[in-house]
Amino acid sequence: MAEGKKVVTFGKKQSKEEKKAQPPLEYCSFCKRPNTEVPKMVKGPDVNICSECVLIAVQYLILQDGVLSGQAQKILDLLWGVKDK
């Protein structure tokens, strides 16, 4: 390397094909996290919602009356991956 010249590289340089293969970055309209940080992203017209915000919304809708029925609890346990007690 010539004196006075510095070369800085970060990772491997991507080809045009590799860049095209990556999905575009999309953000949840509620929590603003990118699709690379959440399990799933539901896309709608000019709005996105991540799977985690969907779970929070479902939990809110079930609990909005302040009473959690046994059936609603089973649904929440299923969504959150809680094993049968």
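Numbering starts at 1 and runs along the sequence shown.
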If hydrophobic clusters are built by linking Ile, Leu, Val, Met, Phe, Trp and Tyr wherever their side-chain heavy atoms come under 4.5 Å apart, do Ile56 and Val42 end up in the same one?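 Ile56 does not cluster with Val42.
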Which atom of Ile49 lies closest to which atom of Cys28, heavy atoms considered: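 For Ile49 and Cys28, the tightest heavy-atom pair comes out as CA-SG, 3.8 Å.
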With sequence neighbours left out, which residue pairs that include part of residues 47-56 fulfil the side chain to side chain donor-acceptor pair (under 3.5 Å) condition?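 For residues 47-56: Arg33-Glu52.
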What pairs of residues pass the salt bridge (charged side-chain N to carboxylate O under 4.0 Å, His left out) test when at least one of them lies in residues 40-49, not counting sequence neighbours?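 Sorted result for residues 40-49: Glu26-Lys43.
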Clusters formed by hydrophobic residues whose side-chain heavy atoms approach within less than 4.5 Å: which one holds Val38, and what are its other members?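 Other cluster members: Met41.
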